[in-house]
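Here is the structure we will look at, set down as structure tokens.
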Amino acid sequence: MPVSFTRRQMLAGTSGLAAATVLSPLVVIRANATPGPGELRMVAAPANPAGGAQRIFLLQGNPLGGPITTIMSEDGAPVPEKRLEEGERRVLRLMHFNDMHNHMTDMHESRGDTHRMAQMVKLVKEAKAAARPNETVLFLSGGDDHTGSIFDELTGWSEEEFVVDAGYAAASAAGVDVAVLGNHEFDRGTAQLKLGIDRNAEFPVLSANVHGSAHLERDRDYAPAAVIEADGLRVGVIGLTTAVDTRVGMDSDPNMAVASPVEAASNLYKAVEAVSDVVVILSHCGYGKDMHRSGKAGAMREIGEGDFAIAEAIGPMAQKPVVLVGGHSHTELNTDGLNPDNMVSGVLLTQARANGAFLGDISMSLAAGQGREQWFSNVALHTIKRRDERVSEGEDGYHDIEHDDDYDAAFEAEVMAPMIAALDTKLAEIIGEVAGDAPISTEETLATRYTGETAIANFMNDTLVKRSETFPGGRVDFALFNATGLAKGVDTGPLSFREWFDVMPYADQVEIATLTGAQIRDMLTSNARRVLRPEEVEGTNLSAFVSRGLLHFSSEIRYTAVLGASAAEARATDITLNGRPVDEVLDKEFTMAFNTYIMLGGFSEAWNDKPIGGGVAGGVPGYDVRGLPFDNTGLVYRNELIAAIREMGTVSRATGADLDGRFQVIA
């Protein structure tokens, strides 16, 4: 494969860096000095040879200890603050995507393959070829380059299983100049993420507010910020990661944490601006602030310190052009040009939805002495076309779908095809058969997953309980799975590995909790308050995320959710556990299989004592599962179900893919 699978040591630094920048007052610091409080070190790093940057400097140090006032070089040679020459005008074109989730190539048996990244490569190459002498084109990733497609399987769960980090390998070959760490980068643990960075990321990865990891070291594996030099222009880039939805508290890296993105950005901004002509904030924190509904959210969800809060903090201190390229919330912004609502405190906010749906495009006209005046030229989204070989020339929609001249065929052949070949056996493997009587289609799954009992969830939970007979600790009493983790259903007929992967694409392991009947009763009461109520259904996009944390349980947990007049009044009644009324077993201990996401508190889905979101009114606190004693099995939730399907052969009503009345909802 032409893409290098061994990453150069970009963070090691090079000698002879003739670029020290010191904010007023002027201070010269000796070469290779360790940055102290309020200081960052500017270290040269190799630029992606396929990208648009000629040189990259990483800004190393601690951005969380207070405002950065000094930037020093390796050799101590001072340079003035960066300014364009008087009368000089430059154009910076930033092309960007976010939340690719490994959808570089979407493969479909009847529609054909959609070459999403290869379409972007073609557009970026065309932009670079058409660039004027004073124009610079850079290519950026807004994070979440992992988790969501079959390519995840090439990353594996250990060094022995690691084949390639498909997301980073593709982005490197595509010419990405810099990326931010998104929350899903951490799904398979920081040790696997480090492997991907080391072996496949030919560009810097940034985050100013991730810290404390045992495996991923700031200034070695990632940096808080970077300065890109391209055609004489200096572009400062600050990376920020959401503090709401990143997996922290995992046994494999218990001290990793994510600090306030607003604090980190505020500490860094003035220093980065001083060494740059323009500043880009790569924010994988989400569009909005606090609670917000956009993008992948079918209802209100917790954003925390999102892009609005970051822009409100940065805008008043900025003197040079600054743009925020967002991610995380899967929001489509500025589709038809600049929307004035996306200028917050003078900071342009933009985002390109997710899964390779769009390529973002920002053109900035910069001139010396104009500060932030007259700096913005154009913002747009380029639609990435979907393949559909069933549509013939002359039929409606033919010109709106992907054809061979829409993508870079060489990129697809040289970069993506070898990775697809590595997956071919696993992708195509038929793991079982779906019987025609099983009510587990995508339509049925999406219609019920937030409103009540769901057949495919019943099958998954009951199958895992049976499968647990092979676990080291023996059979568990119950199992659960969250509604938002059910991405789709399956159709009648042969069932492939890939089709089941698409049902549950997230990277979860099996965690075993020990809890009492009283604790299960309280969980079920909290769950009743999360049901999408009948009066809410019509105004909700059921195919999107309704992030209120509704759980589905295995068959030996049976109950009725009485919704009452409001979510706060909802309650669970007629609860039986293993056939006994819950009041008879309040003190009895049971074991329950959780997926990792819920074990860690569900983040914005509030199994952590925070108010239930997703449109639930009244600030109703969610039940906190984080204090339960858990045992990590080391087993992958999805893989255990696939193994069970292989053994049973057929997914049908007889094998558990059915409705049995375990979860009743009374309005």
Are [X] and [Y] side-chain neighbours, meaning at least one heavy-atom pair lies under 4.5 Å?
X      : Y      : answer
Met599 : Thr596 : yes
Leu216 : Phe186 : yes
Ile310 : Pro261 : yes
Arg529 : Val616 : no
Tyr168 : Val176 : no
Leu532 : Arg548 : yes
Arg247 : Asp187 : yes
Thr241 : Glu185 : no

Do you see a donor-acceptor pair shorter than 3.5 Å between the side chains of [X] and [Y]?
X      : Y      : answer
Asn183 : Thr242 : no
Glu305 : Ser260 : yes
Asp152 : Thr147 : no
Thr633 : Asp631 : no
Arg530 : Ser526 : yes
His328 : Asp144 : no

Full working for side-chain contact (heavy atoms from CB on, under 4.5 Å) between Leu94 and Leu140: CA-CA 7 Å; Leu94 301 171; Leu140 313 174; 4.1 Å; yes

Steps toward side-chain contact (heavy atoms from CB on, under 4.5 Å) verdict (Glu453, Asp660): CA-CA 9 Å; Glu453 188 180 2; Asp660 60 12; 3.0 Å; yes

Donor-acceptor contact present, side-chain [X] to main-chain [Y], <3.5 Å:
X      : Y      : result
Arg638 : Val503 : no
Arg533 : Leu563 : yes
Asn482 : Ile598 : no
Asp99  : Ser329 : no
Ser252 : Gly189 : no
Asn458 : Asp658 : yes
Ser554 : Ala479 : yes
Thr454 : Gly452 : yes
His101 : His146 : yes
Glu640 : Tyr637 : no

Give the minimum heavy-atom separation between [X] and [Y], together with the two atoms involved.
X      : Y      : answer
Ala483 : His552 : CB-NE2, 4.0 Å
Asp307 : Gly326 : OD2-CA, 4.0 Å
Ala561 : Ala528 : CB-CB, 3.8 Å
Pro224 : Leu206 : O-CB, 4.2 Å
Met250 : Leu600 : CG-CD1, 3.8 Å
Leu181 : Ser207 : CD1-CB, 4.0 Å

Roughly how far, to the nearest 0.5 Å, is the [atom2] atom of [Y] from the [atom1] atom of [X]?
X      : Y      : atom1 : atom2 : value
Ile384 : Asn355 : CD1   : CG    : 12.5 Å
Ile440 : Thr442 : CD1   : OG1   : 9.5 Å
Tyr222 : Leu193 : OH    : CG    : 10.0 Å
Ser555 : Asp462 : OG    : CG    : 4.0 Å
Asn98  : Gln351 : CG    : CD    : 4.5 Å
Ile645 : Ile431 : CD1   : CD1   : 4.5 Å

With the threshold set at 4.0 Å, does a side-chain nitrogen-carboxylate oxygen contact exist between [X] and [Y]?
X      : Y      : answer
Arg558 : Asp574 : no
Lys194 : Asp253 : no
Glu153 : Arg188 : yes

Residue that, paired with Leu359, satisfies side chain to side chain contact (heavy atoms under 4.5 Å, CB included) out of Met117, His96, Met120, Arg116: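 Option passing the side chain to side chain contact (heavy atoms under 4.5 Å, CB included) with Leu359: Met120.
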
Asp477: partners by salt bridge (Lys or Arg N to Asp or Glu O under 4.0 Å), with sequence neighbours left out: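 By the salt bridge (Lys or Arg N to Asp or Glu O under 4.0 Å) rule, Asp477 matches no residue at all.
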
Cation-pi check, Arg626 onto Trp607 ring (under 6.0 Å, within 45° of axis): no

From CA spacing to verdict: side chain to side chain donor-acceptor pair (under 3.5 Å), Asn209, Glu263: CA-CA 8 Å; Asn209 57 325; Glu263 177 188 358; over 6 Å; no

Criterion side-chain contact (heavy atoms from CB on, under 4.5 Å) on Leu550 and Asn527, from CA distance to verdict: CA-CA 6 Å; Leu550 183 70; Asn527 208 45; 3.6 Å; yes

Non-neighbouring partners of Ser266 that pass side chain to side chain contact (heavy atoms under 4.5 Å, CB included), sequence neighbours left out: Val262, Ala313, Met317

Check: Phe481 ring centre within less than 6.0 Å of Phe553 ring centre: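 No, the ring centres sit 6.0 Å or more apart.
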
Tyr506-Tyr597 aromatic ring centre distance below 6.0 Å: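 No, ring centres 6.0 Å or more apart.
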
Check against side-chain contact (heavy atoms from CB on, under 4.5 Å), Asn595 and Met504: CA-CA 11 Å; Asn595 55 326; Met504 45 188 310; over 6 Å; no

Phe358/Phe97 under ring pair (Phe, Tyr, Trp, His ring centres under 6.0 Å): CA gap, chis, key distance, verdict: CA-CA 7 Å; Phe358 294 98; Phe97 61 88; over 10 Å; no

Aromatic plane relationship, Phe663 with Tyr559 - under 30° parallel, 30 to 60° tilted, over 60° perpendicular: parallel

Atom CD of Glu443 with >12 non-hydrogen neighbours under 6.0 angstrom: no

